[in-house]
Amino acid sequence: MSDCLFCKIVNGIIPANKVLENDNFLAFRDISPQAPVHVLVIPKKHFEDISELSQKDLELSAGLMKTASEVARVENLDAGFRIVLNTGEDGGQTVQHIHAHVLGGRGLTWPPG
Ligand code: AMP
Ligand code: ZN
């Protein structure tokens with residue numbers, strides 16, 4: 001996906017503030033943080049959203065959750081955190097390359113807007 005923003009981050013064409021990386025995933029700080037800790041976790045391979053990813057690769061879906069949990073650990077979010085998968089127009093998804101938001105470092109309200 002040559003025109004995908006997050007594929008460009010994976011390929012090093014656009015810089016990112018990396019938090020961790022493994023064979024299949026990259027985690028980097030959100031450019032517009034909504035909490036003291038706001039990290040995005042993406043698979044290096046392009047999938048549009050959780051619907052596509054879960055249908056095509058359940059193992060990678062589980063790996064996304066595992067990597068998001070690892071981010072919470074390395075960011076010392078012992079008091080709690082939130083993992084968010086905005087999906088589609090109503091879900092507020094603005095980048096069409098699946099990404100899990102890991103938010104923490106303050107008390108988060110519910111319900112979200
Ligand atoms: P969503 O609205 O769930 O699709 O989230 C997309 C997120 O990507 C937003 O929180 C943006 O702030 C974030 N974002 C957009 N461009 C960049 C970038 N170049 N580096 C890091 N985060 C970005
Ligand atoms: Zn992509």
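All of these numbers come straight from a predicted model, not from anything done at the bench. Both counts, for ligands and for their atoms, begin at 1 and track the order of listing.
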Engineer: Among Leu85, Asp49, Ile31, which one puts a heavy atom closest to atom 15 (C) of ligand 1?
Structural biologist: Ile31

Engineer: As an exercise, identify every atom of ligand 1 less than 4.0 angstrom from a heavy atom of Ser32.
Structural biologist: 12 (O)

Engineer: Which heavy atom of the protein is the closest neighbour of atom 1 (P) of ligand 1, given with residue, atom name and distance?
Structural biologist: His99 NE2, 3.1 Å

Engineer: Does Asn76, at its CG atom, have more than 12 non-hydrogen atoms belonging to other residues, nucleotides or ligands within less than 6.0 Å?
Structural biologist: yes

Engineer: Could you tell me if the ring centre of His97 sits under 6.0 Å from that of His99?
Structural biologist: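 Not close enough - the centres of the two rings lie 6.0 Å or further apart.
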
Engineer: Go through the structure and list residues passing salt bridge (charged side-chain N to carboxylate O under 4.0 Å, His left out) with Lys56, not counting sequence neighbours.
Structural biologist: Glu52

Engineer: What atoms of ligand 1 come within less than 4.0 Å of a heavy atom belonging to Thr94?
Structural biologist: 1 (P), 2 (O), 4 (O), 5 (O), 6 (C)

Engineer: Let me confirm one number: the CZ-CG distance from Arg106 to Leu77, rounded to the nearest 0.5 Å.
Structural biologist: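 With rounding to 0.5 Å, CZ (Arg106) is 12.0 Å from CG (Leu77).
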
Engineer: Mind checking whether Val95 has an N or O less than 3.5 Å away from an N or O of ligand 1?
Structural biologist: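 Yes, there is a polar N/O contact under 3.5 Å.
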
Engineer: Under 4.0 Å from a heavy atom of Arg29: give me the atoms of ligand 1 that qualify, with their elements.
Structural biologist: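 The atoms of ligand 1 under 4.0 Å from a heavy atom of Arg29 are 21 (C).
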
Engineer: In the protein, what heavy atom is nearest to atom 16 (N) of ligand 1, and what distance, to one decimal place, separates them?
Structural biologist: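 The closest heavy atom on the protein side is Leu5 CD2, 3.4 Å.
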
Engineer: By number and element, which atoms of ligand 1 are closer than 4.0 Å to a non-hydrogen atom of Phe6?
Structural biologist: 8 (O)

Engineer: Below 4.0 Å, non-hydrogen atoms only: which portion of Gln34 touches ligand 1? Side chain, backbone, both or neither.
Structural biologist: neither

Engineer: Would you please name every residue forming a side-chain hydrogen bond (donor to acceptor under 3.5 Å, both in side chains) with Glu70, sequence neighbours left out?
Structural biologist: none

Engineer: Side chain, backbone, both or neither: which applies to Val84 and ligand 1 if a contact is any heavy-atom pair less than 4.0 Å apart?
Structural biologist: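 The answer is neither.
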
Engineer: Specify the protein heavy atom at minimum distance from atom 10 (O) of ligand 1: its residue, its atom name, and the distance to 0.1 Å.
Structural biologist: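 Here the nearest protein heavy atom works out to Asp30 OD2, 2.5 Å.
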
Engineer: Check this for me - ligand 1, His38, N or O atoms closer than 3.5 angstrom, yes or no?
Structural biologist: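 No.
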
Engineer: So, taking the atom named CD1 in Ile9 and the one named CG in Asn17, what distance separates them when rounded to the nearest 0.5 Å?
Structural biologist: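 Spacing of CD1 (Ile9) from CG (Asn17) equals 10.5 Å.
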
Engineer: Looking only at atom types and distance, does a side-chain atom of Asn11 sit under 3.5 Å from a main-chain N or O of Ile13, one as donor and one as acceptor?
Structural biologist: no

Engineer: What orientation do Phe6 and Phe28 show, parallel under 30°, tilted 30 to 60°, or perpendicular over 60°?
Structural biologist: perpendicular

Engineer: What angle sits at the Zn ion (ligand 2) between ND1 of His46 and ND1 of His97, to 10°?
Structural biologist: 100°

Engineer: Does Gln96 come within less than 4.0 Å of ligand 1, judged by its heavy atoms?
Structural biologist: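 In this structure, Gln96 fails to qualify as a contact of ligand 1 - no heavy atom is under 4.0 Å.
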
Engineer: Can you sort out which atoms of ligand 1 are near Gln93, meaning under 4.0 Å from one of its heavy atoms?
Structural biologist: 4 (O)

Engineer: Could you check if a side-chain atom of Leu26 sits within less than 4.5 angstrom of a side-chain atom of Glu21, using non-hydrogen atoms only?
Structural biologist: yes

Engineer: Counting each atom of ligand 1 from 1 as listed, which ones have a heavy atom of Gly92 under 4.0 Å away?
Structural biologist: 1 (P), 2 (O)

Engineer: Once you round to the nearest 0.5 Å, how far does CD1 of Ile98 lie from CG of Leu85?
Structural biologist: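 It comes to 5.5 Å.
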
